[in-house]
Amino acid sequence: QVQLVESGGGLVQAGGSLRLSCDASGRTFSSYAMGWFRQAPGKEREFVAGISWGGRATNYADSVKGRFTISRDNVKNTVYLQMNSLKPVDTAVYYCAADLGLGYPSADRPWAYWGQGTQVTVSS
C-alpha cells in the first residue's frame, strides 16, 4: 500500500509556472505507475498526466501537452508535475494517484491510491 501527499499548489498569474510534488510512503514506490488528475469546480475529475513505474513511458492529456511535464524520483519516492504557461482553465484541485504494476500509464488504469489534493489557481 502507498500513501500520497501532494504539495506545491498555489495562486499564479496566467503564463506563470508551478511545480507540484507528490511524496509517497511505502517501500515499493518504484513498482507503481503514477498519475496526476485534476478536478475543477462543477466538473468531473480528469486525467492530466501519467508516468510508468520506471519513468520510461509518459502520457499526457491533449490539453496540457507541451506545457506540463511529469517526472519521478524513485530514490526520493516523489513524483512531480512541472506546469508551465499556465492558463485560467488549469485552475483545479490537483490529485496524485498510484497504481501498482507494469504497463502504460493510461488514464483508464485502475488507479487505486489517491492523495488529498492541492489547489492550483491561475488568475487572468
Side-chain angles (χ1 to χ4, degrees):
Q1 190 166 351
V2 63
Q3 294 182 328
L4 307 172
V5 178
E6 303 96 335
S7 62
L11 174 64
V12 64
Q13 289 188 333
S17 298
L18 281 175
R19 188 176 81 156
L20 304 183
S21 298
C22 174
D23 293 320
S25 64
R27 295 177 295 176
T28 58
F29 174 75
S30 60
S31 300
Y32 289 83
M34 300 298 296
W36 286 97
F37 290 73
R38 68 186 181 187
Q39 187 167 20
K43 295 188 177 181
E44 293 186 354
R45 187 159 55 189
E46 65 175 357
F47 175 81
V48 175
I51 188 167
S52 61
W53 65 275
R56 287 190 174 186
T58 57
N59 181 30
Y60 296 93
D62 287 343
S63 59
V64 306
K65 280 181 182 177
R67 300 189 299 124
F68 291 11
T69 303
I70 188 171
S71 62
R72 67 188 296 161
D73 185 331
N74 285 350
V75 174
K76 295 183 177 180
N77 283 10
T78 303
V79 63
Y80 304 97
L81 186 68
Q82 178 66 44
M83 306 186 295
N84 298 329
S85 303
L86 282 161
K87 306 174 182 179
V89 296
D90 295 317
T91 295
V93 177
Y94 283 70
Y95 297 91
C96 178
D99 174 42
L100 181 64
L102 306 178
Y104 188 71
S106 61
D108 59 355
R109 286 184 70 126
W111 300 95
Y113 303 101
W114 295 85
Q116 293 189 328
T118 185
Q119 176 70 48
V120 171
T121 302
V122 184
S123 63
S124 58

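Along the sequence shown, residues are numbered consecutively beginning with 1.
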Check: Parallel, tilted or perpendicular: which describes the rings of Tyr94 and Phe68, with under 30° parallel and over 60° perpendicular?
Finding: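 Tyr94 vs Phe68 ring planes: tilted.
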State whether the side chain of [X] and the backbone N or O of [Y] hold a donor-acceptor pair below 3.5 Å, judged by distance alone.
{"X": "Ser25", "Y": "Gln3", "value": "yes"}
{"X": "Asn59", "Y": "Pro105", "value": "yes"}
{"X": "Arg109", "Y": "Tyr104", "value": "yes"}
{"X": "Thr91", "Y": "Val89", "value": "no"}

Checklist line | More than 12 heavy atoms of other groups within 6.0 Å of Gln119 CD | finding: yes
Looking at every non-hydrogen atom in both residues, tell me the closest pair between [X] and [Y] and how far apart they are.
{"X": "Leu20", "Y": "Gly9", "answer": "CD2-N, 3.6 Å"}
{"X": "Ala92", "Y": "Ala40", "answer": "CB-N, 3.8 Å"}
{"X": "Ala24", "Y": "Leu4", "answer": "CB-CD2, 3.7 Å"}

Notebook entry, point to check: Do the side-chain N and O atoms of Thr78 and Asp23 include a donor-acceptor pair separated by under 3.5 angstrom?
Noted result: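 Present: a donor and an acceptor within the cut-off.
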Would you mind reporting whether [Y] and [X] have side-chain heavy atoms less than 4.5 Å apart?
{"X": "Glu6", "Y": "Ser21", "answer": "no"}
{"X": "Met83", "Y": "Val120", "answer": "yes"}
{"X": "Val48", "Y": "Leu81", "answer": "yes"}
{"X": "Tyr60", "Y": "Phe47", "answer": "no"}
{"X": "Thr69", "Y": "Tyr80", "answer": "no"}
{"X": "Cys96", "Y": "Val79", "answer": "yes"}
{"X": "Ser17", "Y": "Gln82", "answer": "yes"}

Next item on the list: Apply the test side-chain contact (heavy atoms from CB on, under 4.5 Å) to residues Ser123 and Val12: give CA-CA distance (whole Å), side-chain angles for both, the deciding distance (0.1 Å), then the verdict.
Entry: CA-CA 6 Å; Ser123 63; Val12 64; over 6 Å; no
Distance in Å, [X] [atom1] paired with [Y] [atom2], rounded so as to fall on 0.5 Å steps:
{"X": "Phe29", "Y": "Asp73", "atom1": "CZ", "atom2": "CG", "result": "8.0 Å"}
{"X": "Ser124", "Y": "Gln13", "atom1": "OG", "atom2": "CD", "result": "9.5 Å"}
{"X": "Ser30", "Y": "Asn77", "atom1": "OG", "atom2": "CG", "result": "8.0 Å"}

Next item on the list: Take Trp36 and Ile70, measure what side-chain contact (heavy atoms from CB on, under 4.5 Å) needs, and give me the verdict at the end.
Entry: CA-CA 8 Å; Trp36 286 97; Ile70 188 171; 3.6 Å; yes
Notebook entry, point to check: Is Tyr113 reachable from Ile51 through a run of hydrophobic residues whose side-chain heavy atoms are each under 4.5 Å from the next?
Noted result: yes
Next item on the list: Would you check if the distance from the ring center of Phe37 to the ring center of Trp111 is below 6.0 Å?
Entry: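 Yes; Trp111 has its ring centre under 6.0 Å from that of Phe37.
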Notebook entry, point to check: Are Arg67 and Asp90 close enough for a salt bridge, meaning some N to O gap below 4.0 Å?
Noted result: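 A salt bridge is present here (some side-chain N lies under 4.0 Å from a carboxylate O).
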Next item on the list: Please determine if Arg38 forms a cation-pi arrangement with Tyr95, meaning its NZ or CZ atom is less than 6.0 Å from the six-membered ring centre and no more than 45° off the ring axis.
Entry: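 No - Arg38 does not lie over the ring of Tyr95 by the 6.0 Å and 45° rule.
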Note to self: Within 45 degrees of the ring normal and closer than 6.0 Å to the centroid, is that where the cationic atom of Arg72 sits relative to Trp53?
What the structure shows: no
